[in-house]
Structure formats: structure tokens, C-alpha cells
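In what follows, a single structure is set out as C-alpha cells and then discussed.
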Amino acid sequence: MTIKIFKKQQELNNFITDLKSDSFYRILDTEKGLFRTITKVLVFDSEDIENYLATQLNQILEMLPVKDFQEKIYLNDKKIYIKITCENQNSLLLQKYGYVVSAIQNLLISYLFSKFAQWYQISINVNNHLHNQKYFLKKQIYFAIKNIKEKNKPFHLKPMPNDQRKLVHNLVKEIDGFTSLSEGKGFLRHIVIKTENNVEQ
């Protein structure tokens, strides 16, 4: 990361025009004078984002009782995939129905926006739990559909974080004749699965 100072608007415009595709900028400060405007710009690239994210992630994990972990960060445009491996299969990261991982993802997204003024989508996979999570959520959906067919009533799933709800919505879309919606607020927000011809229930 570097900080550049431009004393002329044309210099700033030329810099932005000539900026490489893998480089980014954020205007930090603009000081308007009587005869000129001085602009301070933060210049960074993908490696800067990954290094900053790794530093913040390590600080968060060190505050939690998570030891002997390794992380790998993959950046693809505005999407970031973080793979965390830790020896403790019952790590705090995997408890609380995924709310811990979801909270860390949201915190890192906020950190990145605060530093670079850009929004990123972050997905954290601890000990490959995302694969197991998808399998578990599919089982819940099939149980819900069976229950709906037997009782002809909508089925309320247990509360879950936003990223899990999004996955459930996408999985339900693939099933003909059924739809889903979210209800409740905060930690009580959950998904209701219904038949498409009973959406008013």
C-alpha cells in the first residue's frame, strides 16, 4: 500500500485513467485551497487486501480459544474464500449453529470496507464444514417437505445465520412446487417453507 498526493485535479485524473486492472485506490482526504486542491490517495492491490485480511483474521482467532490453526485466503474479484484448518473438530468456530463463523465473516467485511472503502463477499470454511453444512441443510429441507405434504401446513426451520438462509432459499428454488421466505428478526430470523399454492398461509 502506498499513499500518493496530487496537487492538480488533472494529475489525479491521469492517475486513475492509467491505473492497472489489479490495482485500486481510495481517496483519503481532499484539502481545498484558494488556488489548488490537494488530494491524498491510498493505492493498493489484491495482495494488500489479502495481507490485511490475514492480519485481522489472526487477531480475531487469537482472541478466541482457537489454537494450532492454518488459514488460506483466495481472492477472486469481490469474492473472498477463506479456508481454516484447525485440529480441534469441536472448535468454537463450529458451534452456535454457525453464528460464530457468520459473525467473523461480517466483521471482516466491515474491516475491509473501513480500510479500502470496498465491499467484499467473504465465505469462511472451517475444516470443510461447508460441505457438511449443505448436506445437513438438505436433510432439513427434505424433512420439512415431507412434513408439509403430510400435514398440509407450512414448516418453520430453526433460526440460522444469513449465509445459511441464503443457501436454503437457493436449495428450495430447485424443488418444484415449494417456496421459502424468511420471518422474524435478529437471532430469531428463520425460514418458512410452503407449497407454492399455499403462499398465503
Side-chain angles (χ1 to χ4, degrees), residues 1-3 20-29 40-141 157-171 180 182 184-191:
M1 283 181 286
T2 58
I3 293 178
K20 296 179 181 178
S21 60
D22 60 344
S23 296
F24 313 94
Y25 75 95
R26 174 189 177 186
I27 295 178
L28 298 175
D29 185 45
K40 186 184 294 185
V41 175
L42 175 68
V43 185
F44 56 96
D45 57 24
S46 299
E47 187 176 344
D48 293 320
I49 295 171
E50 292 176 16
N51 291 338
Y52 178 78
L53 189 59
T55 300
Q56 300 305 316
L57 176 62
N58 276 268
Q59 289 180 355
I60 293 171
L61 295 182
E62 286 173 4
M63 290 188 291
L64 300 173
V66 180
K67 297 181 179 179
D68 301 322
F69 63 87
Q70 294 179 331
E71 85 278 347
K72 289 185 178 180
I73 299 174
Y74 307 90
L75 177 61
N76 182 14
D77 194 21
K78 295 291 185 180
K79 294 182 180 180
I80 298 174
Y81 177 78
I82 302 175
K83 181 180 179 181
I84 297 177
T85 306
C86 52
E87 293 183 7
N88 183 2
Q89 295 294 324
N90 296 315
S91 166
L92 173 65
L93 294 174
L94 298 176
Q95 296 176 15
K96 304 297 180 184
Y97 306 110
Y99 279 105
V100 174
V101 169
S102 181
I104 294 174
Q105 288 174 171
N106 291 334
L107 191 57
L108 292 175
I109 289 170
S110 297
Y111 280 157
L112 287 178
F113 182 78
S114 177
K115 182 71 174 180
F116 301 108
Q118 295 195 37
W119 291 111
Y120 290 90
Q121 179 183 333
I122 295 179
S123 177
I124 297 177
N125 193 4
V126 182
N127 291 346
N128 201 31
H129 84 285
L130 290 181
H131 174 77
N132 298 330
Q133 182 184 85
K134 187 173 183 179
Y135 174 76
F136 176 72
L137 291 175
K138 277 186 175 180
K139 286 182 65 176
Q140 285 189 303
I141 292 170
L157 297 176
K158 66 176 179 61
M160 61 183 71
N162 179 60
D163 53 328
Q164 291 185 33
R165 292 199 307 273
K166 183 177 180 181
L167 178 57
V168 170
H169 286 310
N170 289 334
L171 290 171
S180 62
S182 293
K185 296 181 179 179
F187 289 109
L188 297 179
R189 194 151 180 82
H190 63 282
I191 287 179

task: Measure the CG-CD1 distance between L112 and I80 for me, rounded to the nearest 0.5 Å.
output: 5.0 Å
- request: Any chance you could lay out the side-chain contact (heavy atoms from CB on, under 4.5 Å) test for N125 and I82, step after step, and finish with the verdict?
  value: CA-CA 6 Å; N125 193 4; I82 302 175; over 6 Å; no
Side chain to side chain contact (heavy atoms under 4.5 Å, CB included) partners for L171, two or more places apart: K134, K138, I141, L167, E174
- request: Verify, without hydrogens or angle tests, whether D29 (side chain) and K40 (backbone) share a donor-acceptor contact under 3.5 angstrom.
  value: no
message: Between H129 and F136, does the side-chain contact (heavy atoms from CB on, under 4.5 Å) criterion hold? Intermediate values first, please.
response: CA-CA 10 Å; H129 84 285; F136 176 72; over 6 Å; no
message: Would S182 and H169 count as a side-chain contact (heavy atoms from CB on, under 4.5 Å) here? Give the steps.
response: CA-CA 9 Å; S182 293; H169 286 310; 3.0 Å; yes
- line: Value for CZ (R165) from OG (S180), rounded to nearest 0.5 Å, stands at 11.0 Å
query: CZ of F187: more than 12 outside heavy atoms within 6.0 angstrom?
result: no
query: Which pairs with one or both residues in residues 52-63 pass side-chain hydrogen bond (donor to acceptor under 3.5 Å, both in side chains), sequence neighbours excluded?
result: N58-E71
field: From D77 atom CG to Y120 atom OH, the distance as rounded to the nearest 0.5 Å
entry: 8.5 Å
field: Between CG on residue L75 and CD on residue E47, distance to nearest 0.5 Å
entry: 11.0 Å
query: To the nearest 0.5 Å, what is the distance between CD (Q105) and CG (N162)?
result: 9.5 Å
query: About how many Å separate CG of L28 and CG of L42, when rounded to the nearest 0.5 Å?
result: 5.0 Å
- line: Residues at least two apart in sequence or cross-chain that pass ring pair (Phe, Tyr, Trp, His ring centres under 6.0 Å) with F24, listed by chain then number, are F44
Test item: V43 and D48 side chains (from C-beta on) under 4.5 Å apart, heavy atoms: no
field: Heavy-atom closest contact (R26 atom, K115 atom, distance)
entry: NH1-O, 2.8 Å
- request: Flag the pair V126 / F69 as yes when at least one side-chain heavy-atom distance between them is below 4.5 Å, and no otherwise.
  value: no
field: More than 12 heavy atoms of other groups within 6.0 Å of N170 CG
entry: yes
- request: Test M160 against every option in Q140, H190, R189 by the side-chain contact (heavy atoms from CB on, under 4.5 Å) rule and name the one that passes.
  value: Q140
message: Checking L53 against I122 for the side-chain contact (heavy atoms from CB on, under 4.5 Å) test, could you report, in this order, the C-alpha distance in whole Å, the side-chain angles of both residues, the deciding distance, and whether it holds?
response: CA-CA 10 Å; L53 189 59; I122 295 179; 4.2 Å; yes
task: Find out whether W119 and I109 are in side-chain contact, i.e. whether some heavy atom of one side chain is under 4.5 Å from a heavy atom of the other.
output: yes
